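A quick note: this is a predicted structure, and the numbers were derived from the prediction, not measured. Any value given below was found using the heavy atoms of this structure, including those in side chains, with hydrogens, waters and symmetry copies removed.
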Amino acid sequence: MRTRAPGSTTVSTPDPARTARRRAGQRRTALVAAALALTGSLVACSTTSDGPAASGSGSGAGASGASETPRVDPVRLDTSFADPTSVPIDRPVTVRTSGGTLADVEVTSAAGTLTGKVSDGTWTSSTLLEPGTDYTITADATRSDGQSVQRTRSFHTVDLTLDEQTFAAVAPLNGETVGVGMPVIVTFDLPVTDKALFEKHMRVTSTPAQKGSWYWLNDREAHFRPATYWRAGTEVSVDLDINSLPAGNGIYGQESREVSFNIGDAHVYKVNAQTHQMQVFSNGKLLRTLPITTGKPGFVTRSGTKVIIEKFAKKRMNSETVGINRNSPEAYDIDDVRWAMRVTYSGEFIHAAPWSVGSQGYANVSHGCTGMSTADAGWLYAMSRRGDVVEYTGTDRQMTLENGYGDWNLSPADWKTGSALS
């Protein structure tokens with residue numbers, strides 16, 4: 001309440017009610033400030049680290065004895081290839097793990113399981129891959145905390161056309177029984193440039209054991225023979241481990257091959273063009289001596305060691321197939337020559353020649369073949385098989401290596417020089 005004395009300045013007098021309201025407001029402000037201070041201290045006490053919260057029933061923040069859970073690294077697969085959509089087939093696959101210890105690996109496909117083993121923490125395949133094939137890696141590992149985990153990964157191998165793969169045909173056939181002169185013959189449908197690499201993967205074993213070697217006639221054909229004729233009764237196994245093997249010039253082996261065959265009785269037929277006789281030996285024993293005729297002048301039969309290549313109960317023989325023109329006085333065309341056995345690619349056979357029986361044992365009147373009576377030819381045909389040996393003497397025309405199975409016309413030393421590993 002204000003009063004004004006006459007002739008004096010104005011003086012304020014305190015209002016009791018207003019004073020009471022002001023003091024009440026000051027108390028509320030102090031209470032709010034105190035509450036905010038308390039709330040701030042509580043927020044500060046709840047802040048945590050990046051690691052896991054401490055466990056236990058401690059009564060306050062930062063209680064002693066709390067421990068953090070160890071960090072566990074993730075387990076990842078590391079492989080030898082970068083692009084899983086086009087993995088090369090001519091090198092091993094390796095699998096490792098990061099963040100754990102590798103225990104086992106399995107690599108599977110529709111073509112089968114890829115073999116391999118773990119060594120020093122790395123799994124390495126021991127066989128090459130199939131082209132154009134989907135594979136799945138399944139790896140078992142132990143994590144750093146001792147937990148077993150499994151990881152998988154898929155990949156696809158490079159696609160190859162048939163023009164990029166060479167297939168190996170093998171003679172003899174699997175399960176065949178052949179003569180003691182039969183070489184192992186491998187014929188490739190596309191050239192092999194890296195012969196040394198292929199030869200390292202072309203193995204021949206025999207029981208009883210006989211050492212031998214390969215001879216490359218060219219870049220598509222390789223022969224294997226022992227130093228001397230096979231022993232009668234020998235069992236021979238051929239293992240061509242060439243699948244996916246690089247042959248050179250962007251060509252790869254198309255398929256591995258395994259062939260086993262048997263050696264029959266030792267049949268060796270000795271033909272003397274001067275005496276016009278054939279001696280027939282079986283396991284070293286002379287069975288019979290047959291009168292024969294061989295090639296006349298101009299068509300001289302080759303001397304040297306030949307091997308029976310194939311047999312025909314009947315064979316058409318036409319002179320045009322050996323370079324004799326149909327208009328030549330030497331021309332011939334016989335539909336059903338009996339008991340014919342080929343000994344050269346150029347057209348020399350052993351066969352029945354009833355038209356020359358009068359000359360057999362006395363003169364050489366054929367166009368290079370070895371002729372005999374129908375009865376003798378039938379008897380010889382029945383006992384003979386592919387790979388039997390025919391040794392010719394008595395002429396000045398020599399058998400060559402490539403004209404049939406001419407392998408035995410080289411000495412063992414000369415034969416070894418034909419190996420890509422010699």
Side-chain angles (χ1 to χ4, degrees), residues 72-168 170 186 188-203 237-259 420-421:
V72 179
D73 293 329
V75 176
R76 296 184 176 90
L77 289 186
D78 298 320
T79 58
S80 54
F81 51 84
D83 182 2
T85 65
S86 186
V87 176
I89 63 173
D90 57 352
R91 64 198 68 172
V93 169
T94 62
V95 178
R96 294 185 293 273
T97 56
S98 60
T101 302
L102 189 65
D104 191 25
V105 173
E106 186 177 53
V107 181
T108 57
S109 73
T113 300
L114 196 65
T115 59
K117 64 179 182 179
V118 176
S119 178
D120 296 329
T122 300
W123 183 89
T124 304
S125 63
S126 56
T127 54
L128 299 180
L129 301 165
E130 289 282 347
T133 302
D134 292 316
Y135 285 86
T136 299
I137 300 172
T138 304
D140 295 322
T142 303
R143 211 166 55 187
S144 59
D145 62 351
Q147 182 73 32
S148 294
V149 297
Q150 190 174 85
R151 296 290 181 265
T152 61
R153 187 176 183 184
S154 298
F155 65 92
H156 182 84
T157 53
V158 63
D159 295 307
L160 297 178
T161 67
L162 290 179
D163 290 338
E164 296 171 309
Q165 300 176 81
T166 184
F167 180 81
V170 184
V186 178
F188 298 96
D189 62 351
L190 291 175
V192 174
T193 304
D194 196 343
K195 298 181 182 66
L197 178 61
F198 262 55
E199 191 173 322
K200 289 177 182 177
H201 291 77
M202 296 162 55
R203 303 177 186 91
S237 295
V238 182
D239 182 5
L240 305 182
D241 185 20
I242 61 170
N243 187 53
S244 299
L245 203 65
N249 294 330
I251 296 173
Y252 297 84
Q254 183 177 353
E255 181 182 322
S256 293
R257 304 291 309 280
E258 291 185 8
V259 171
L421 303 177

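Under the side chain to side chain donor-acceptor pair (under 3.5 Å) criterion, Asp90 pairs with no residue at all, not counting sequence neighbours.
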Side chain to side chain contact (heavy atoms under 4.5 Å, CB included) between Val93 and Leu129, intermediate numbers included: CA-CA 9 Å; Val93 169; Leu129 301 165; 3.7 Å; yes
Derivation of the ring-ring contact (aromatic ring centres under 6.0 Å, His included) call for Phe167 and Phe188: CA-CA 5 Å; Phe167 180 81; Phe188 298 96; 9.2 Å; no
Step-by-step side chain to side chain contact (heavy atoms under 4.5 Å, CB included) determination, Val186 to Phe198: CA-CA 11 Å; Val186 178; Phe198 262 55; over 6 Å; no
Residue pair Leu114, Thr108: steps toward the side chain to side chain contact (heavy atoms under 4.5 Å, CB included) verdict: CA-CA 6 Å; Leu114 196 65; Thr108 57; over 6 Å; no
Pair Val238-Arg203, side chain to side chain contact (heavy atoms under 4.5 Å, CB included): steps then yes or no: CA-CA 6 Å; Val238 182; Arg203 303 177 186 91; over 6 Å; no
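Residues Ser125 and Pro92 share a closest heavy-atom pair of OG-CA, 3.4 Å. The two residues Ser109 and Asp134 have their closest heavy-atom pair at CB-O, 3.1 Å. Across all their heavy atoms, Leu102 and Ala139 have their closest contact at CD1-CB, 4.1 Å. In plain terms, the two heavy atoms of Ser144 and Asp73 that are nearest each other are OG-N, 3.9 Å.
Side-chain contact between Glu164 and Pro131: absent, with no pair of heavy atoms (C-beta onward) separated by less than 4.5 Å. Annotation: side chain of Asp78 is not in contact with side chain of Thr97 (no heavy-atom distance under 4.5 Å). The shortest side-chain heavy-atom distance between Trp123 and Arg96 does not fall under the 4.5 Å cut-off. Looking only at side-chain heavy atoms (C-beta outward), Tyr252 and Leu160 come within less than 4.5 Å of each other. Pro246 has its side chain within reach of Leu197: a pair of non-hydrogen atoms, C-beta onward, lies under 4.5 Å apart. By the 4.5 Å heavy-atom criterion applied to side chains, Val72 and Arg143 are counted as neighbours. Proximity of Ile137 to Val105: side-chain heavy atoms (C-beta onward) are separated by under 4.5 Å at one or more points. Contact annotation: the side chain of Glu258 never approaches that of Leu240 to less than 4.5 Å [non-hydrogen atoms, C-beta and beyond].
Crowding of Asp120 atom CG: a count of heavy atoms from other residues, nucleotides or ligands under 6.0 Å not exceeding 12. In the displayed structure, Arg76 atom CZ is contacted under 6.0 Å by at most 12 heavy atoms of other residues, nucleotides or ligands.
Side-chain contact, Ser126 with Thr115: a donor N or O sits under 3.5 Å from an acceptor N or O. Side-chain polar atoms of Thr79 and Arg153 form a donor-acceptor pair below 3.5 angstrom. Side chains of Asn243 and Gln254: no donor on one and acceptor on the other come within 3.5 Å. With no hydrogens or angles considered, a side-chain donor-acceptor pair links Thr193 and Asn249 at under 3.5 Å.
Rounding to the nearest 0.5 Å gives a distance of 5.0 Å between CD1 of Ile251 and CG of Leu190. Atoms CG and CZ, from Asp241 and Arg257 in turn, are 13.0 Å apart once rounded to the nearest 0.5 Å. Note that OG1 of Thr113 is 5.0 Å distant from CD of Glu106, once rounded to the nearest 0.5 Å. To the nearest 0.5 Å, atoms NZ (Lys200) and CG (Leu245) are separated by 10.0 Å. Atom OG of residue Ser98 and atom CG of residue Leu77 lie 8.0 Å apart, to the nearest 0.5 angstrom. Rounding to the nearest 0.5 Å gives a distance of 8.5 Å between OG of Ser256 and CG of Leu128.
Partner of Val158 under the side chain to side chain contact (heavy atoms under 4.5 Å, CB included) criterion, chosen from Val87, Thr85, Ile89: Ile89.
In this structure, Thr157 contributes its side chain and Glu130 its backbone to a donor-acceptor pair below 3.5 Å.
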